[in-house]
Structure formats: structure tokens, C-alpha cells
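A quick write-up on the structure given underneath.
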Amino acid sequence: MKKEELFNEFYKNKNYDYLKSELASSNEFLDKIFLAKVYLKLNDIRNAALIYKETGQLYEYGRCLLLEGKFEKTKALWLSLEPDSPPVLWGRSLLEFIEMYVIHLPAFFQIRSFLEMDLDALLKAGQIKFAENIINGADLFAKANSESYKFIARVLVNNNYHSLAGVFLEKAKNVCYVDPELHYLCAKCSLHKHDINSAKKSLELAIETGFGYYPAKKLLNEINLA
């Protein structure tokens, strides 16, 4: 498949079933890597793991093992890799958070690049205990990247843990109250509790602090039309 079509179907159209069918018989390296990504989107972790192992993508293979709950196998694999890339360094830190014995704090951009993605993947894979231990390290993440509270809250909102998300949204507001997305996420939590008035107030704050923040305007309009 041509690279442009591949990227378009995966990132823009999210046409995962089509890509699964089209890429299944390809021997091209890029096609295989995207097929593995497709399998992960479809929550077929085992087939994604097989591709990553076959193609020598050992960090990604270890991540699949983690999503399957195979912590010790992941740890052994990741610790065997040279710590010469941001993903490997991040992975080693993540293991420490899961074990709740943190020695090496991840860097600012590692948190920005990987925390939200991996926490979301673990929740969707049903690895609740791993996710819980990572979330319990929020204050440590925030020492390296103050947006960590928001990243965690956004994942929790998107996975319907609204009450817990509210705790981290309050922490995030103490760090940067003028971030419009925080108030937008607060509105979503209020809507989950059927508190329309609080949701409207949060959306109005999002619009005010975000100079017309479009997602908040759109949601407020939907509420007013309901």
C-alpha cells in the first residue's frame, strides 16, 4: 500500500478493518508495522505482539506483553535493551511506577509522549492494577511535567472514571487555572453527574480562558439545544 494512503486510512479515516484486510498478506516492513498498530486498535494484542516480535521491534513487543499482563516478561525484555532511546527509557521508568518503587523519573517529553497513550492502553486492556499504580504516581510525574495531572484526568474521563478524573482536574487547576481544556473536562464530569448548571459554568470558563475555545462552545450549544 502506498504510504500516503496508509497514513490517510489509519490516522484520518481510522479505517482499521479495511487496513487489516489489505495489509494481511503484505511483506513490506512498513505495512507490517501498521498492521500491528491496527491489531492494537482492534484490541488484538496477541497478533500485534507476533508482528512486533517477528520484525524485531522489541520495545513494542514488550509493550504488548505488558498489555497482556505479563509484567515479569516485559521487565526482563525491556531491561535487556540498550537505554539509548526515549521509549526504552520511558519503559524502564514505567516499570518502576507499576512496582511502586520509583528511582528514575521520566523526562518532560517522555511523559508528554507516552504517559497518556500507555495509561489509556492499559485501561482498555483491562490491566487495572497496573494503571492504578501508575496513577498513584501522579505527583511524581508532575515534578517532571506539570501537565501530568491533566494527561491522567483526560484518560480517566475518556474511560468513564469521571469521579476520579475530578480529583486530578482539581490538582491540574491549581497548576494552571487558565487552561481551557481543564474546564471543558470538568464540564464532562459534571454532565456525567447530570449537573447541567455546573457544566455550563465550566464551559463558559473554558470559552473565556481559551478565547472562544471551540470544543466548549460546541458542547455548550448542544446543551442549550437539548
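Predicted model only: the values in this text are computed from it and were never measured. Note: hydrogens, waters and symmetry copies are ignored here, and every other heavy atom, side chains too, is used.
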Self-check item: Near-ring test Phe141/Phe97, centroid separation under 6.0 angstrom
Solution: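 They qualify: ring centres under 6.0 Å apart.
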Quiz item: Which class fits the ring pair Tyr177 and His183: parallel under 30°, tilted 30 to 60°, perpendicular over 60°?
Solution: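 Perpendicular.
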Heavy-atom neighbours of [X] [atom1] exceed 12 at 6.0 Å:
X: Glu28; atom1: CD; value: no
X: Phe108; atom1: CZ; value: yes
X: Arg112; atom1: CZ; value: no

Quiz item: Salt bridge between Lys2 and Glu4, side-chain N to carboxylate O under 4.0 Å?
Solution: no
Self-check item: Whether Glu9 side chain and Asn15 backbone form a donor-acceptor pair below 3.5 Å
Solution: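 No; judged by distance alone, with no hydrogens or angles, the pair does not exist.
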Quiz prompt | Partners passing ring-ring contact (aromatic ring centres under 6.0 Å, His included) against Tyr59 (at least two apart in sequence or in another chain) | solution =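 Here the qualifying residues are Trp78.
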Quiz item: For Phe109, what residues pass the ring-ring contact (aromatic ring centres under 6.0 Å, His included) criterion, not counting sequence neighbours?
Solution: none
Self-check item: Those residues that, when tested against Asp195, pass side chain to side chain donor-acceptor pair (under 3.5 Å) (two or more places apart)
Solution: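 Partners of Asp195 under the side chain to side chain donor-acceptor pair (under 3.5 Å) test: Ser198.
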Quiz item: Residues two or more places apart in sequence or in another chain: which of them pass side chain to side chain donor-acceptor pair (under 3.5 Å) with Lys173?
Solution: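 For Lys173, the residues satisfying side chain to side chain donor-acceptor pair (under 3.5 Å) (neighbours in sequence not counted) are Glu170.
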Quiz item: Lys37: what forms a salt bridge (Lys or Arg N to Asp or Glu O under 4.0 Å) with it, not counting sequence neighbours?
Solution: none
Quiz prompt | Hydrophobic cluster of Tyr16, others only, ordered by chain and residue number, side-chain cut-off 4.5 Å | solution =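 Same cluster as Tyr16: Met1, Leu6, Phe7, Phe10, Tyr11, Tyr18, Leu19, Leu23, Leu30, Phe34, Leu35, Val38, Tyr39, Leu42, Ile51.
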